[in-house]
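Computed from a predicted model, the values in this text were never measured in an experiment.
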Amino acid sequence: MRRPGLLWSLAGVLLSTIAATPVGATAAEPAATRATAAAFETALRAAVSGDGDLQKFYLGRNWRPLWMDGGKPSADAKSFADRLKNAADDGLSPDRYGAPAIEAALTAAESGDGPAMARAEALLSRAYGGYLADLHRPADGVKMAYVHDGLAPEKHAPGQWLWNAGKADTLSKHIASSTRMNPVYEELRAAYADYRDTWSDLPTTRVAPGPMLRAGATGARVASLRERLGLPASPATFDESVAAKLRAFQSAHGLPVDGAAGPKTVAALNEGPGRFERLIRANLERARAIPADPGRRFLVVDTAGATLRAYEDGKVAEQMHVIVGKPDMPTPAMAGRISHAVLNPYWNLPPDLAQIRAERVLAMGKKYLVQDRLEAMSSWEADARVLSPDEVDWKAVASGKQQLRMRQTPGPHNMMGKIKFMLPNRYGIYLHDTPEKLLFANDQRRFSSGCVRLADAPRLARFLFDGKAPDPDKAGAEERVDLPKGVPVYITYLTVEPKAGGGLAFRADPYKRDGTLMASLSSSGGGQTAQGLK
């Protein structure tokens, strides 16, 4: 616990000094301590001069320190300094926050020298606000549309983070809560740290192109392979140690795990860790777009992996395959709140699909409408009426000269299936059931026009309705059922993801978003613009 009141006032200094003074100590020590406290305040005033936020912060505290305790750096100061040293695990640069200077300043402050403590104090406070502002703010290149209020990450300025720390009951708890991120981010951050520990410091020896290298191979290329994997180059033999390390490399880089060095594996080895690290950092930024505390229950739809995960109390409670938008009709990155379900829904066809259906009507006759259970509607309004086929100019619709609202009637044939989950938004995106279950067996599940099709909609319904899901078979057409409480859903795009058994899964980039984001991060020096307490 931090001491309440003016820690560096005379009373506070005397209390801490008397408690630490052994019997027989001289009366001169309190005077020396008073001098140290005065030197601290004078040095701190100088250290924060020109920094308006820091000056206001310490003036509001009567120049009482946040990071010093009992005349030396507190355990919280050392703990936060360690976090800064490892800022690279967040895809951030420790140098940006002065981590080396802070480490040296803390060492000097252990002496109890007032100016040394003041320097460490100012450096830590400046770094604290800047680091937390960066940690919670996704880079400018990350595109996430927040269609409902209360779903975006906190946007505190550096000074506000510091003020919050100063008002906290205990600094240690504030640091713990402020640096805690959402589970998607935390898993990826831990996997990134493991990746860097395992693969980033190996030799960058190039393996020459050639035939596949497998167990029993010998020669110069094998020697290069051994060296690249961090093994002794000699003997230049492809033995089990090479195969084992190669399997680990393949698993960590999303390659087929066969323990042989074929063209794809050699290309990944020769690419070095740089591009893979940049890709992981780009995905950390995407994960940063989900707030640190998304709530007790929330959904994450990953359009790169075409999966859905339902989280409860920070852990995955449900997981399933989904089908997402085609590359030319990508599902947008967005966050919304599912408010209700619609049982036995109609399916309103997008205009392009209505045009295709009109062509089929011209080719097959009006019987096609009955066969595909389609209705033509007078408008997109709620009170629209069903049109007779004779009222529609099918040639104009098929040519694109005229738009027509078409809908498919409810039932097992309906492309919405038996239930859809609504998060009202301007993009017209929602999650829904589907009768086309065979498509979920594909590795690349991008077949929709943007909406998210669910492999197991009833299972998701049970999650969203707290185990008391409504039964579509006992409901009428287009029947709305409100959720007990709205559930956030974050539709993101993770081309790198931690694997359940450890390591990372590197995925394809079907929507071609990685290059733009990585270029943006490179041009901005890592994705964050300069932050400071100015």
Could you measure the distance from the [atom1] atom of [X] to the [atom2] atom of [Y]? Nearest 0.5 Å is fine.
| X | Y | atom1 | atom2 | result |
| --- | --- | --- | --- | --- |
| Leu353 | Met415 | CG | CE | 9.0 Å |
| Met406 | Leu387 | CE | CG | 10.5 Å |
| Glu285 | Asp140 | CD | CG | 9.5 Å |
| Leu464 | His340 | CG | NE2 | 12.5 Å |
| Met422 | His432 | CE | NE2 | 10.5 Å |
| Met377 | Asp383 | CE | CG | 9.5 Å |

Donor-acceptor side-chain pairing of [X] and [Y] below 3.5 angstrom:
| X | Y | answer |
| --- | --- | --- |
| Gln319 | Thr307 | no |
| Ser200 | Glu277 | yes |
| Asn182 | Tyr311 | no |
| Tyr131 | Arg83 | yes |
| Asn283 | Tyr493 | no |

Does [X] reach the side chain of [Y], with side-chain heavy atoms less than 4.5 Å apart?
| X | Y | value |
| --- | --- | --- |
| Leu135 | Arg288 | yes |
| Gln250 | Asp258 | yes |
| Met334 | Tyr146 | no |
| Leu225 | Thr205 | no |
| Lys499 | Ser251 | yes |
| Leu431 | Leu423 | yes |
| Leu494 | Val184 | yes |
| Leu454 | Thr434 | no |

Within a radius of less than 6.0 Å around [atom1] of [X], do more than 12 heavy atoms belonging to other residues, nucleotides or ligands occur?
| X | atom1 | value |
| --- | --- | --- |
| Lys420 | NZ | yes |
| Asp197 | CG | yes |
| Lys245 | NZ | yes |
| Asp149 | CG | no |
| Gln402 | CD | yes |

Decide if the gap between the ring center of [X] and the ring center of [Y] is smaller than 6.0 angstrom.
| X | Y | result |
| --- | --- | --- |
| Tyr430 | Phe421 | no |
| Tyr195 | His253 | yes |
| Trp199 | Phe249 | yes |
| His136 | Trp161 | yes |

Kindly say whether [Y] contributes a backbone atom to a donor-acceptor pair with the side chain of [X] at under 3.5 angstrom?
| X | Y | answer |
| --- | --- | --- |
| Asn86 | Asp89 | no |
| Ser378 | Arg385 | yes |
| Ser399 | Lys395 | yes |
| His148 | Pro424 | yes |
| Ser224 | Val207 | no |
| Arg221 | Ala208 | yes |
| Asp293 | Gly295 | yes |
| Tyr490 | Pro291 | no |
| Asn344 | Gly476 | yes |

Check [X] against [Y] and note the closest heavy-atom contact, atom names and distance.
| X | Y | result |
| --- | --- | --- |
| Leu517 | Ala282 | CD2-O, 3.5 Å |
| Glu497 | Asp302 | OE1-OD2, 4.3 Å |
| Gly450 | Ile429 | O-CD1, 3.4 Å |
| Tyr368 | Val361 | CD2-CG2, 3.9 Å |
| Arg513 | Thr303 | NH1-OG1, 4.3 Å |
| Ala191 | Leu504 | CB-CD2, 3.4 Å |

Cation-pi check, Arg445 onto Phe440 ring (under 6.0 Å, within 45° of axis):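 Relative to the ring axis of Phe440, which defines the angle, Arg445 lies outside at least one limit.
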Six-ring centre of Tyr192, Arg196 cation under 6.0 angstrom, axis tolerance 45°: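 Judged by the rule, Arg196 and Tyr192 form a cation-pi pair.
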Check ion pair [X]-[Y] (N to O, under 4.0 angstrom):
| X | Y | value |
| --- | --- | --- |
| Asp433 | Lys437 | yes |
| Glu154 | Arg137 | no |
| Asp393 | Lys401 | no |
| Arg296 | Asp313 | yes |

Of Arg507, Arg286, Arg278, Arg275, the residue whose pairing with Asp514 passes salt bridge (charged side-chain N to carboxylate O under 4.0 Å, His left out):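 Only match with Asp514 under salt bridge (charged side-chain N to carboxylate O under 4.0 Å, His left out): Arg286.
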Trp347/Arg407 under side-chain contact (heavy atoms from CB on, under 4.5 Å): CA gap, chis, key distance, verdict: CA-CA 5 Å; Trp347 175 41; Arg407 71 182 187 183; over 6 Å; no
Salt bridge (charged side-chain N to carboxylate O under 4.0 Å, His left out) between Glu318 and Arg462, worked out: CA-CA 10 Å; Glu318 299 286 355; Arg462 288 192 293 273; over 6 Å; no
Derivation and outcome, side-chain contact (heavy atoms from CB on, under 4.5 Å), residues Ile323 and Val452: CA-CA 6 Å; Ile323 289 169; Val452 179; over 6 Å; no
